[in-house]
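Structure record follows, encoded as structure tokens.
The analysis underlying the following values was restricted to heavy atoms, covering all of them including side chains, and did not include hydrogens, waters or symmetry mates.
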Protein chains: 2
Amino acid sequence: MNKEDILQTNIDPLLTYFDKLIPLNSEEKKWVTDLFKPRLYRKRQYVLQEGVVCNQFNFVVRGCLRLYKIDDKGNTHIIQFSAENLWLMDIGSFHQRNASALNIDALEDTMVLQISYDNLISLYLKSPKFDRIFRVLIENSFVSLQQRLLQNISSTAEERYLSFLQTYSHLHNRLPQTQIAAFLGVSPEFLSRLRHKQAKKA
Amino acid sequence: MNKEDILQTNIDPLLTYFDKLIPLNSEEKKWVTDLFKPRLYRKRQYVLQEGVVCNQFNFVVRGCLRLYKIDDKGNTHIIQFSAENLWLMDIGSFHQRNASALNIDALEDTMVLQISYDNLISLYLKSPKFDRIFRVLIENSFVSLQQRLLQNISSTAEERYLSFLQTYSHLHNRLPQTQIAAFLGVSPEFLSRLRHKQAKKA
DNA sequence: ACTACATCAAGAAATAGGGTTGATCCAGAT
DNA sequence: ATCTGGATCAACCCTATTTCTTGATGTAGT
């Protein structure tokens with residue numbers, strides 16, 4: 001994909017996404033078009049850095065972001081990946097307006113459509129339909145998160161890996177295994193050995 | 001140079017730079033130390049993106065930045081490189097507070113000391129010495145720019161390349177030729193051929 | 001003592017970035 | 001009309017970086 005393509009990104013994927021949840025009229029579409037701004041993040045670029053307030057609600061049009069925490073020992077723990085048509089932000093920091101303890105950065109060159117806190121509030125004021133849309137959207141994310149938590153507390157690394165393969169089969173071929181390891185919560189070496197074991201089985 | 005080293009950068013190069021223009025007293029040095037913030041940009045990371053207001057005046061401590069415009073056809077035209085002890089910003093956007101049409105990004109991992117618009121204004125108010133320093137600094141940049149323009153309108157690509165070699169001999173071994181080509185305004189292939197020709201001559 | 005992991009070091013393999021070359025084309029100057 | 005100063009496209013090569021694997025060794029909990 002060349003730079004032109006990535007810069008020409010329009011708002012369509014987002015409108016389509018909303019339309020699938022709740023159909024929008026043309027006025028509402030115009031508001032969305034005006035208030036969401038496209039932005040390109042390059043691979044490794046920070047979208048949100050620990051210590052600052054998360055001020056943007058991000059919709060990924062193309063590419064892939066990760067939300068993660070760096071612990072005291074310097075290890076990275078990935079909370080969430082977001083690729084095409086998914087959302088990503090630190091929702092706590094965003095709504096409580098306090099400094100985030102999390103980081104977001106780009107694993108690939110990534111085009112997002114982002115809306116600022118103030119503009120999102122103004123969107124809610126324009127029509128309650130957006131309250132509903134964003135409620136549903138957050139509910140969906142919540143469900144995924146809950147499943148992931150359940151996986152994590154109840155499964156061995158191997159089981160978590162197999163589950164990841166099912167749930168994120170599209171990302172599996174796309175992300176470096178170091179990132180998948182940081183998502184599963186194992187060392188890259190151990191993931192490599194799990195894969196080796198799986199390959200022998202098949 | 002590893003990440004730790006680059007993060008330990010202190011304010012000295014900037015104070016030295018100012019001192020050479022106009023000696024600063026210790027109070028003034030303290031202001032500078034307080035108002036300029038170090039920041040690391042990783043290779044390929046944006047420092048300024050088209051469409052946003054340039055809000056930082058950047059002094060490069062280590063690394064190299066480029067200021068460039070992407071035209072309608074998607075071609076990149078490099079206006080300026082800035083390596084150690086040079087400044088870079090979109091000065092029009094910075095002072096008029098309007099959206100920039102230009103981009104700045106890092107060609108190497110780059111440590112800058114940057115001062116925000118508001119803080120620069122407050123620095124000017126603290127002492128007129130800073131007005132003078134920044135006047136001189138801009139004048140110097142202006143002269144370079146004028147020379148470059150003159151080169152551009154009056155010379156063939158080969159002449160521009162030779163002139164680049166003289167003026168930026170330190171950057172010549174450091175930057176990819178694609179970047180030099182974008183600076184000279186020729187295709188990378190053509191630059192490659194120019195170099196081939198030069199090599200045969202010598 | 002066995003399982004389920006971590007850590008460190010060394011290499012191998014894969015990919016991306018950068019450079020060169022040939023072929024072909026085109027616009028303006030002569 | 002053709003020569004010069006370029007552009008564009010495709011193919012290929014080289015090298016550096018990133019990613020993956022493997023072996024050796026260690027450790028906490030059952």
Side-chain angles (χ1 to χ4, degrees), chain A residues 1-4 6 42-45 63-64 66 71-78 81 105-110 151-165 171-200, chain B residues 1-3 42-45 64 66 71-78 81 105-109 151-165 171-200:
Chain A
M1 173 168 34
N2 69 32
K3 195 168 294 174
E4 272 189 33
I6 219 175
R42 298 240 177 104
K43 191 173 171 177
R44 293 205 201 84
Q45 187 172 351
C64 188
R66 80 220 250 243
D71 70 18
D72 304 339
K73 282 191 266 171
N75 293 322
T76 298
H77 304 277
I78 297 177
F81 295 119
D105 66 14
L107 294 174
E108 307 169 351
D109 288 356
T110 301
Q151 276 293 329
N152 244 278
I153 58 181
S154 67
S155 312
T156 151
E158 186 164 12
E159 291 165 332
R160 276 178 274 145
Y161 176 58
L162 292 175
S163 154
F164 173 85
L165 286 186
L171 291 182
H172 165 244
N173 306 303
R174 204 167 140 182
L175 299 178
Q177 283 173 216
T178 45
Q179 301 305 324
I180 296 176
F183 180 86
L184 297 175
V186 298
S187 68
E189 293 93 335
F190 190 68
L191 176 57
S192 173
R193 288 178 176 112
L194 283 181
R195 286 165 52 79
H196 183 78
K197 217 171 106 186
Q198 292 298 323
K200 268 201 311 193
Chain B
M1 171 168 38
N2 69 32
K3 195 169 295 179
R42 282 185 285 202
K43 190 174 172 178
R44 287 195 20 99
Q45 189 173 349
C64 188
R66 81 223 251 243
D71 70 18
D72 305 338
K73 280 189 268 170
N75 294 322
T76 298
H77 304 278
I78 296 178
F81 295 120
D105 65 15
L107 294 174
E108 307 168 352
D109 288 357
Q151 275 292 330
N152 243 279
I153 58 181
S154 67
S155 311
T156 150
E158 186 164 15
E159 291 165 333
R160 275 178 275 146
Y161 175 59
L162 293 173
S163 153
F164 173 85
L165 287 186
L171 291 182
H172 166 244
N173 306 303
R174 205 168 140 182
L175 300 178
Q177 285 172 215
T178 44
Q179 301 304 324
I180 296 176
F183 180 85
L184 298 175
V186 298
S187 66
E189 294 94 335
F190 191 68
L191 177 56
S192 172
R193 288 179 177 112
L194 284 181
R195 286 165 52 81
H196 183 77
K197 220 170 102 185
Q198 292 297 324
K200 269 201 308 191

Distance check needed: C:dA6 P versus A:His77 NE2, whole Å only.
10 Å
Length of the CG-P vector between B:Asn75 and D:dG6, whole Å
16 Å
Return the value, rounded to whole Å, for the distance between atom CZ of A:Phe190 and atom P of C:dT3.
12 Å
Closest to the side chain of A:Ser187, out of C:dT7, D:dG6, C:dC5, is C:dT7
Hey, does B:Arg44 reach any base, or is it just sugar-phosphate, or nothing, if we go heavy atoms under 4.0 Å?
nothing
How many angstroms lie between CD1 in B:Ile78 and OG1 in B:Thr178, if you round to the nearest 0.5 Å?
8.0 Å
Which part of the nucleic acid does A:Thr178 contact within heavy-atom distance under 4.0 Å: base, sugar-phosphate only, or nothing?
sugar-phosphate
Counting only side-chain heavy atoms from C-beta out, which of C:dG19, D:dG6, C:dC5 sits nearest to B:Pro176?
C:dG19
Hey, is the side chain of A:Glu189 pairing donor to acceptor with the base of D:dC20 inside 3.5 Å?
no
Whole-Å gap separating C1' (C:dC5) and CG (A:Leu184):
13 Å
Any side-chain N or O of B:His196 less than 4.0 Å from the OP1 or OP2 oxygen of C:dT20?
no
Can you work out whether A:Lys43 or A:Lys73 has the more 5'-proximal nearest nucleotide on DNA chain C?
A:Lys73
Taking only N and O in the side chain of B:Arg195, is any of them less than 4.0 Å away from OP1 or OP2 of C:dT20?
yes
Ring geometry between A:Phe164 and A:Phe81 (parallel below 30°, tilted from 30 to 60°, perpendicular above 60°)
perpendicular
Residues B:Ala181 and B:Leu191: closest non-hydrogen pair is N-CD2, 3.7 Å
Does the pair B:Asp105/B:Arg66 count as a salt bridge with the N-to-O cut at 4.0 Å?
yes
Rounding to an integer number of Å, can you tell me how far A:Leu194 CG sits from C:dT3 C1'?
13 Å
Between C1' of D:dG6 and CG of B:Leu191, the distance in whole Å:
13 Å
A:Tyr161 vs A:His172 aromatic rings, parallel, tilted or perpendicular, using cut-offs 30° and 60°?
perpendicular
Can you say whether a donor on the side chain of B:Arg193 sits under 3.5 Å from an acceptor on the base of C:dG22, or the other way round?
yes
To the nearest angstrom, the NZ-P distance between A:Lys197 and D:dT21 comes to 15 Å
From CD of A:Gln177 across to P of D:dT22 the rounded distance in Å is 11 Å
